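The structure under discussion appears below in the form of structure tokens.
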There are 2 protein chains.
Amino acid sequence: MAFEYEYQHPALAADCVVFGFDGSELNVLLIKRGIEPFINCYALPGGFVHLDETIDECARRELYEETGLRDVFMEQLYTFGALNRDPRERVVSVAYYALVRSTDYAPEGGTDAAQAGWFKMNQLPPLAFDHLEILKTAHQRLKNQIRYRPVGFELLDLKFTMTQLQTLYEAVLAKKFDRRNFSSKILKTGVLDVLDEKVQNTAYRAPRLLSFNRPKYQELTEKGFNFEI
Amino acid sequence: MAFEYEYQHPALAADCVVFGFDGSELNVLLIKRGIEPFINCYALPGGFVHLDETIDECARRELYEETGLRDVFMEQLYTFGALNRDPRERVVSVAYYALVRSTDYAPEGGTDAAQAGWFKMNQLPPLAFDHLEILKTAHQRLKNQIRYRPVGFELLDLKFTMTQLQTLYEAVLAKKFDRRNFSSKILKTGVLDVLDEKVQNTAYRAPRLLSFNRPKYQELTEKGFNFEI
DNA sequence: CTAACTTTGCGTATCAAAAACGCAAAGAAT
DNA sequence: ATTCTTTGCGTTTTTGATACGCAAAGTTAG
């Protein structure tokens with residue numbers, strides 16, 4: 001016992017909800033806990049905030065330590081402060097929400113990240129603490145964000161097809177769109193570049209590849225752009 | 001010195017950004033600090049989280065203690081965790097955002113709330129800590145929320161005129177609307193009841209009074225309603 | 001090799017909502 | 001009585017959303 005305070009202080013943690021997209025379904029990154037409480041139970045990557053780091057830095061550090069992932073799109077989600085979230089002591093957790101390209105990350109055996117893995121959003125294992133509630137909050141945020149941010153930037157490969165982009169939207173929003181309207185609507189915004197390149201080795205007609213045009217996207221978001229589908 | 005921990009813990013506080021509307025301009029509630037640091041400087045109402053209360057409860061308690069306000073619409077905004085926000089020790093602050101009817105609240109002299117007061121959003125005094133940054137974040141949230149929540153519920157009197165409602169939207173969004181389109185668009189949603197009552201003692205033609213229809217609003221928000229103007 | 005089939009890419013027709021604005025009645029001010 | 005401002009209700013015009021037709025690309029199957 002080393003640190004003393006005049007008043008009681010809660011412990012402060014950061015937890016990360018990392019979404020990935022595998023081409024057809026939305027996935028979330030979970031780790032298997034190696035310590036009590038909830039040992040061997042799945043949980044969101046996260047841990048306690050150090051006094052010499054910001055909460056954002058903590059979230060990135062813990063994510064890297066527990067899964068090997070870094071340099072991902074990440075933003076603060078919500079702070080969870082119920083009284084008995086953690087059986088050990090009062091812990092307040094600042095939750096973060098992150099998006100990664102699935103192809104950029106496969107959990108590797110034999111490392112700290114060996115216990116990390118992707119889970120389909122509709123086949124989740126039981127989660128430690130209030131992490132299911134945090135995850136549901138993050139999913140809601142993703143559903144909102146996809147309307148006014150091209151989250152495909154973070155979730156798809158640099159080059160992708162229109163069908164892949166539409167599948168992502170349909171997976172996130174759990175809703176179907178007309179292929180032709182989806183395509184023309186999203187092309188009309190100008191945030192996509194049509195590449196002079198086609199997918200190789202496809203069944204039937206090969207689709208052309210697309211990429212996001214970041215400067216154009218920046219320009220549009222600055223004047224209150226809406227990606228509504 | 002009474003409380004000991006194995007690891008260092010930051011202090012945890014909650015601060016409230018309370019917006020009010022006086023009929024023509026957007027206001028924010030500030031208190032004059034009576035203690036160091038930043039003594040006599042204006043700041044957001046707020047204080048440290050007790051270990052036997054949630055952060056939400058803390059925000060409501062502090063707001064009541066410092067301004068006398070209670071039972072207001074309030075929701076969590078963002079958590080601010082920069083390293084040197086507070087010169088005393090590491091303090092992480094969970095910011096809340098609240099809306100009140102100006103007529104429901106006038107700071108009273110001779111009470112704990114004597115130091116509280118409304119300030120116009122475009123005539124703010126210097127603020128303590130990083131409270132200006134918090135305030136700007138809250139204003140941005142209000143601008144977003146007014147699109148899909150009838151924030152007039154919280155900011156206007158129970159009975160109001162269409163012009164007052166439009167003035168509120170124009171004050172929040174810093175944008176002008178066509179009077180006739182604004183009126184028909186918002187009436188068409190059904191969230192307003194047209195009362196069989198007119199304003200008394202007006203210059204020129206007396207406008208009719210309106211009120212929000214809460215059940216209708218609830219019904220619409222549940223099916224993904226959009227109040228976009 | 002040819003026919004069938006699936007996906008893709010581009011187009012148009014139809015429908016609904018947003019934006020612009022005309023106009024007269026209410027009712028105080030002169 | 002006349003002027004003037006605000007209010008309330010409408011129409012026209014323009015824009016955007018939705019539904020869907022169709023042929024070309026290019027693979028699969030006979």
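What you are looking at is a predicted structure, and each value in this text was computed from that prediction instead of being measured. To find a chain, count down the sequence lines: A is the first, B the second, and so on, and within it residues start at 1.
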How close do B/Gly190 and B/Lys216 get, counting heavy atoms only, and between which atoms?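 Scanning both residues completely, I find the closest heavy atoms to be O-CG, 3.1 Å.
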Contact summary for A/Gly81 and A/Val92, nearest pair of heavy atoms: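 Closest approach of A/Gly81 to A/Val92: CA-CG2, 4.1 Å.
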Give the intermediate values and the outcome of salt bridge (charged side-chain N to carboxylate O under 4.0 Å, His left out) for residues A/Glu65 and A/Arg61. CA-CA 6 Å; A/Glu65 288 176 8; A/Arg61 175 181 55 74; 3.3 Å; yes
[X] [atom1] to [N] [atom2]: how many Å, rounded?
| X | N | atom1 | atom2 | result |
| --- | --- | --- | --- | --- |
| A/Asp178 | C/dC15 | CG | P | 17 Å |
| A/Gln166 | C/dG9 | CD | P | 12 Å |
| A/Ile186 | D/dG16 | CD1 | C1' | 16 Å |
| B/Arg208 | C/dG27 | CZ | P | 13 Å |
| A/Phe182 | D/dA19 | CZ | C1' | 17 Å |
| B/Lys185 | C/dA20 | NZ | C1' | 13 Å |
| A/Lys188 | D/dG16 | NZ | P | 7 Å |

[Y] and [X] aromatic ring geometry - parallel, tilted or perpendicular at 30°/60° bounds:
| X | Y | answer |
| --- | --- | --- |
| B/Tyr97 | B/Phe19 | perpendicular |
| A/Trp118 | A/Tyr105 | perpendicular |
| A/His131 | A/Phe129 | tilted |

Could you run down nucleotides 21-30 of chain D 5' to 3' and tag each one B, S or - for protein heavy-atom contact under 4.0 Å? BB-BBBB---
Ring centroid separation for A/Tyr169 and A/Phe182, is it under 6.0 angstrom?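 Ring centres of A/Phe182 and A/Tyr169 closer than 6.0 Å.
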Strand-adjacent residues in residues 155-164 of chain B, judged by heavy atoms under 4.0 Å from DNA chain D: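 Residues of residues 155-164 of chain B that come under 4.0 Å of DNA chain D are, in numerical order, B/Thr163.
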Check the pair A/Asp157, A/Lys159 against salt bridge (charged side-chain N to carboxylate O under 4.0 Å, His left out), reporting the backbone distance first and the verdict last. CA-CA 5 Å; A/Asp157 279 341; A/Lys159 297 175 182 181; over 6 Å; no
Solution key, residues 199-212 of chain B side-chain donor-acceptor pairs under 3.5 Å, sequence neighbours excluded:
from     : atom 1 : to       : atom 2 : distance (Å)
B/Gln200 : NE2    : B/Lys198 : O      : 3.2
B/Thr202 : OG1    : B/Tyr204 : O      : 3.0

Using a distance-only criterion (donor-acceptor N/O pair, under 3.5 Å, no hydrogens), is the base of D/dA17 paired with the side chain of A/Asn181?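 Per atom types, no contact qualifies.
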Could you say whether A/Ser184 or B/Leu187 is positioned toward the 5' end of DNA chain D, judged by the nucleotide with the nearest heavy atom to each?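 Its nearest nucleotide lies further toward 5', so the answer is B/Leu187.
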